[in-house]
Amino acid sequence: MLKVKGFVFALLTLICVSPVLGEEQVYPEAKEWPKYAEFEWGMSEDEFHEACAKKKFERIPAPNTTNKSDYRAKGQILGRDAIITPYYKSEKFERSNGKGLIRKGLDLKSLSLRWEKLEKEDGEELFDKLQKTLRDKYGPSKVVPSPDSSYGNGKFRRWGASGMPGYFCLSLYFYSPTDTAIISKSGELVIKTKRSDKKEIVIYYKSKSNLKDLEKQNIQAKEREKRAKERAKEQEKDF
């Protein structure tokens, strides 16, 4: 049990720390809404790949993810192999030569640029170059902790959306990814994780409509939580 002096010290510490903790999700606003050159928000999947073709990017199949696009684009960015992955707000289905339906992305809402399997020195050089370029164009960023354990102890920078300080519209990550393997051992499946010795850099660009939708979802979630608590209180009264 805390003594009086210890309690006062703990209380003062909490009061001093609380404002700092409360600003963890507040990001400095970017000077302008970010987008990658020639890729307009709201463009369709076909328009996205037309823009990629102009930049000599190759269309490649996407892995099995929640991404609504079936294809990504691979090419050279800053002299290194990179992958652009688009994310769409909605989709439509088209029949192709009687072979079934093909999914098409509509309304580009965000995209990522990814450089994989970088050597440490090369990765450091590229990260410094990207960080300076983005800072000069969009202003200062916020240094943030690792989003989750799979990222390890990397370097993470975020820029806030205009008028939406709790949401980031641009982020820059530099980290060593985790390799996961499922191994059969003594009749059981064991998941083994290992930190890769290669580095990875990712830039995420998000559109205004993307973040507005996210803001709306968060408001609705809070309203549902509030109603659930109110119903729980009413049920307690019945007992």
Side-chain angles (χ1 to χ4, degrees), residues 10 12-37 39 41 65 77-87 109-180 193-215 217-218 221-222:
L12 288 173
T13 301
L14 181 63
I15 292 171
C16 292
V17 170
S18 292
V20 178
L21 294 177
E23 292 184 358
E24 281 186 355
Q25 295 303 316
V26 177
Y27 306 101
E29 290 186 9
K31 293 178 183 177
E32 59 184 273
W33 205 279
K35 72 177 184 68
Y36 186 56
F39 292 84
W41 299 128
T65 66
I77 300 178
L78 299 178
R80 299 169 179 86
D81 288 338
I83 293 174
I84 304 180
T85 302
Y87 302 88
K109 67 175 184 179
S110 61
L111 59 81
S112 69
L113 310 183
R114 186 181 300 272
W115 292 264
E116 301 175 333
K117 300 178 180 177
L118 298 166
E119 297 296 337
K120 182 180 178 181
E121 293 75 15
D122 189 36
E124 290 279 2
E125 180 185 351
L126 178 58
F127 178 82
D128 290 343
K129 182 182 293 186
L130 290 169
Q131 183 175 221
K132 181 181 185 308
T133 300
L134 295 175
R135 184 175 61 242
D136 290 347
K137 186 170 185 180
Y138 301 110
S141 64
K142 181 179 178 65
V143 179
V144 297
S146 175
D148 61 62
S149 59
S150 66
Y151 286 87
N153 297 320
K155 299 178 182 179
F156 307 94
R157 308 287 185 267
R158 284 179 176 171
W159 288 258
S162 177
M164 302 172 69
Y167 297 86
F168 63 91
C169 58
L170 177 66
S171 61
L172 172 64
Y173 296 166
F174 177 48
Y175 62 97
S176 297
T178 299
D179 295 328
T180 303
T193 59
K194 178 184 176 185
R195 186 68 56 193
S196 171
D197 59 351
K198 298 294 183 181
K199 296 293 184 178
E200 190 165 311
I201 293 178
V202 183
I203 303 179
Y204 287 105
Y205 293 87
K206 297 187 176 185
S207 67
K208 187 173 184 178
S209 65
N210 180 199
L211 295 184
K212 285 292 183 183
D213 287 343
L214 180 59
E215 183 181 47
Q217 292 170 13
N218 288 341
K222 288 179 181 178

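Please read all numbers here as calculations on a predicted model, not as lab measurements.
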| note | Smallest heavy-atom separation, Ala161 atom then Trp33 atom, equals CB-CH2, 3.5 Å

| field | Centroid separation Tyr204 to Phe168 less than 6.0 Å | value | no

| request: Output, in order, the C-alpha distance, side-chain angles, deciding distance and verdict of side-chain contact (heavy atoms from CB on, under 4.5 Å) for Tyr173 and Ile203. | output: CA-CA 6 Å; Tyr173 296 166; Ile203 303 179; over 6 Å; no

| task | Mind listing the closest non-hydrogen atom pair of Arg114 and Val202 along with its distance? | result | NH1-CG2, 3.2 Å

| So, for Ile77 and Ala82, which heavy atoms are closest and what is the spacing to 0.1 Å? | CD1-CB, 3.7 Å

| request: Considering only NZ, NE, NH1 and NH2 on the basic side and carboxylate oxygens on the acidic side, decide whether Glu124 and Lys155 come within less than 4.0 Å. | output: yes

| query | Is the backbone N or O of Gly139 less than 3.5 Å from a side-chain atom of Trp159, with the two atoms forming a donor-acceptor pair by type? | reply | yes

| message | Tell me if a side-chain donor or acceptor on Glu200 pairs with a main-chain N or O of Phe174 at a distance below 3.5 Å. | response | no

| Can you tell which of Ser112, Ser110, Pro34, Cys169 makes a side chain to side chain contact (heavy atoms under 4.5 Å, CB included) with Tyr205? | Pro34

| Pair Thr178, Arg195: side-chain N/O donor-acceptor within cut-off below 3.5 Å | yes

| message | With a sphere of 6.0 Å drawn around NZ of Lys35, does it hold more than 12 non-hydrogen atoms of other residues, nucleotides or ligands? | response | yes

| Interatomic distance, Gln217 atom CD to Leu214 atom CG [nearest 0.5 angstrom] | 6.0 Å

| Where do Pro86 and Leu111 come nearest, in terms of heavy atoms and distance? | CA-CB, 4.2 Å

| Backbone N or O of Leu126 within a donor-acceptor pair of the Trp115 side chain at under 3.5 Å? | no

| request: May I ask you to check whether Asn210 and Tyr167 show a side-chain donor-acceptor distance below 3.5 Å? | output: no

| Which of parallel (below 30°), tilted (30 to 60°) and perpendicular (above 60°) describes Phe156 and Tyr175? | parallel

| query | Which is it for Leu113 and Ile83 under the side-chain contact (heavy atoms from CB on, under 4.5 Å) test, yes or no, and what are the steps along the way? | reply | CA-CA 6 Å; Leu113 310 183; Ile83 293 174; over 6 Å; no

| NZ of Lys31: more than 12 outside heavy atoms within 6.0 angstrom? | yes

| query | Do Lys132 and Asp136 meet the salt-bridge criterion of a basic N to acidic O distance under 4.0 Å? | reply | yes

| said: Using side-chain contact (heavy atoms from CB on, under 4.5 Å), reason through Lys208 and Trp41 one step at a time and then give a plain yes or no. | reply: CA-CA 9 Å; Lys208 187 173 184 178; Trp41 299 128; over 6 Å; no

| task | To the nearest 0.5 angstrom, please state how far the OH atom of Tyr27 sits from the CZ atom of Arg158. | result | 4.5 Å

| task | Answer yes when Glu119 and Lys198 have at least one side-chain N-carboxylate O distance shorter than 4.0 Å, and no when they do not. | result | yes

| request: For side-chain contact (heavy atoms from CB on, under 4.5 Å), just list the numbers for Met164 and Lys212, CA-CA rounded to whole Å, side-chain angles, deciding distance to a tenth of an Å, and then say yes or no. | output: CA-CA 9 Å; Met164 302 172 69; Lys212 285 292 183 183; 4.1 Å; yes

| remark: For Ser209, the side chain to side chain donor-acceptor pair (under 3.5 Å) test, sequence neighbours excluded, returns Ser207

| task | Determine yes or no for a side-chain-to-main-chain donor-acceptor pair under 3.5 angstrom, with Arg80 supplying the side chain and Leu78 the backbone. | result | yes

| request: Check Gly163 against Glu29 and note the closest heavy-atom contact, atom names and distance. | output: N-OE2, 3.2 Å

